[in-house]
Amino acid sequence: MLIRVTEEVLRPEEATAAVESPGAGAIGLFLGVVRDNNKGRRVAYLEYDAYPSMAEKVMREIAEEARDRFGLIDCAVLHRTGRLEIGETSLLIAVSCGHRAASFEGGHWLVDEIKKRVPVWKKEVWEDGEEWIEGPESLGMQAPASMR
Amino acid sequence: MLIRVTEEVLRPEEATAAVESPGAGAIGLFLGVVRDNNKGRRVAYLEYDAYPSMAEKVMREIAEEARDRFGLIDCAVLHRTGRLEIGETSLLIAVSCGHRAASFEGGHWLVDEIKKRVPVWKKEVWEDGEEWIEGPESLGMQAPASMR
Amino acid sequence: MEITVLLFASVAEAAGARRLQLPIEHGDTVATVRDRLLAERPALARFAPNLLYALDEEYVDTAAPVHAGATLALIPPVSGG
Amino acid sequence: MEITVLLFASVAEAAGARRLQLPIEHGDTVATVRDRLLAERPALARFAPNLLYALDEEYVDTAAPVHAGATLALIPPVSGG
């Protein structure tokens, strides 16, 4: 199971190779990519911060849960940090499985969970300012009172 | 829109490059891969036949419908023909879109539709025999009487 | 007047051919051409229940008329992907 | 007795620090450490409503006891992906 938080460029072919298996009939990849706009504002670039060791730990927990829930053969989860330009890949996921449905459902679930609980943060930088984004789906926006 | 039926090896990086766009926040890839088993039998290799010109026409129709239905920015659909060994990619799909949900839903729909109506056929070759597969989801298994 | 008939996969193997030129008559439809072809080549009969037909690369009803120079493809259940 | 406090993203920028060493007392919990930290650094108060806490890389309730040598991370709403 390939799990990594890195400042290096993410390479889809590495993630694909990591999940390949003779029993796999489907491989799904997801690339989260830096978009040139968000909520009607032009984005110049993004800056990602992370708590790398905990992020890798949580990514591994999510990947193991996805494997068990969706019957995946293997999965890979990589997140990039630092400054990312428009078009660059911030999140890279690969899953392998026997049949196609699990590749789509498992991949979708993985991305949803990553956005909830992996300690990574993005700052949007515009021509005229910048802002750290608080993910609307994050656990921090909906955790129980006992965690406050 | 990159649409192709070919005997050449399918390259995911070509499909990704074909759908990249500054407005894309998500890129989804799907690889249909030759599995070493099917219904409990060991598969030695697959042989794909196609009606290439019609297959490309139908793939384009499906891709255009997917783009409109799911609000995709772009998509690429490539199918390989000829002899394919275990682990090789027979079907390659890439979609780009603003947000992640459409990449999974649109990709899943594309694969489902391709299996219904694109004129491509696989022959499974085992140690001790071979068989042309009739896709259980194909239009041919469920078309109206007027088409018979 | 002739049409081209294309055969694929299991059907091509059973027929021993991937392409045939068939004479057609005025008023012929996909169904009449198909019936004549099956009569000539009984090896194809077992595929008939699940065959679909494409006329010039478009799935059609078997009542569709065929015209000289058309391409008719016999499409067994597809299994791409 | 000390713990390490890690700060990230918006919180690190507001604090002007990514890592602090804080003294702790017997019976301290995540909540008591947090309250002391916010009293010392009022610039962090505005983040408090949405903060979560990780103790040694695990999300915890704020009632969790802290131990000497522990690492406490302040986690603003994540926005990876």
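The figures that follow rest on heavy atoms only: side chains count, while hydrogens, waters and symmetry mates do not. A, B, ... follow the sequence lines: proteins, then strands. Residue 1 opens every chain.
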Q | B/P12 versus chain A, the contacting section by heavy-atom distance below 4.5 Å | A | neither
Q. Does any heavy atom of chain A fall under 4.5 Å from the side chain of B/S21, the backbone, both, or neither of them?
A.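 Interface part for B/S21: neither.
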(Q) Report which part of A/A94 has an atom under 4.5 Å of a heavy atom belonging to chain B: side chain, backbone, both, or neither. (A) neither
Q) Got B/H108 and A/H108 here, is their nearest side-chain heavy-atom distance under 4.5 Å? A) no
Q: For each of A/G28, A/G87, A/G107, tally heavy-atom pairs with chain B at distances under 4.5 Å, and name the one with the top tally.
A: A/G107
Q | Options A/I93, A/N38, A/D112, ranked by heavy-atom pairs under 4.5 Å with chain B, top entry | A |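 Highest number of pairs under 4.5 Å: A/D112.
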Q: Answer yes or no: are there more than 12 heavy-atom neighbours, outside A/E85 itself, under 6.0 Å from its atom CD?
A: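 More than 12 within 6.0 Å, yes.
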Q: Count the heavy atoms belonging to other residues, nucleotides or ligands that lie under 6.0 Å from CD of A/E8, then report whether that count exceeds 12.
A: no
Q.
Looking at every heavy atom in both B/F30 and A/A26, which two are closest together, and how far apart are they?
A. CE1-CB, 3.6 Å
Q: Give, for atom OG1 of B/T89 and atom CD of A/E20, the distance between the pair rounded to the nearest 0.5 Å.
A: 7.5 Å
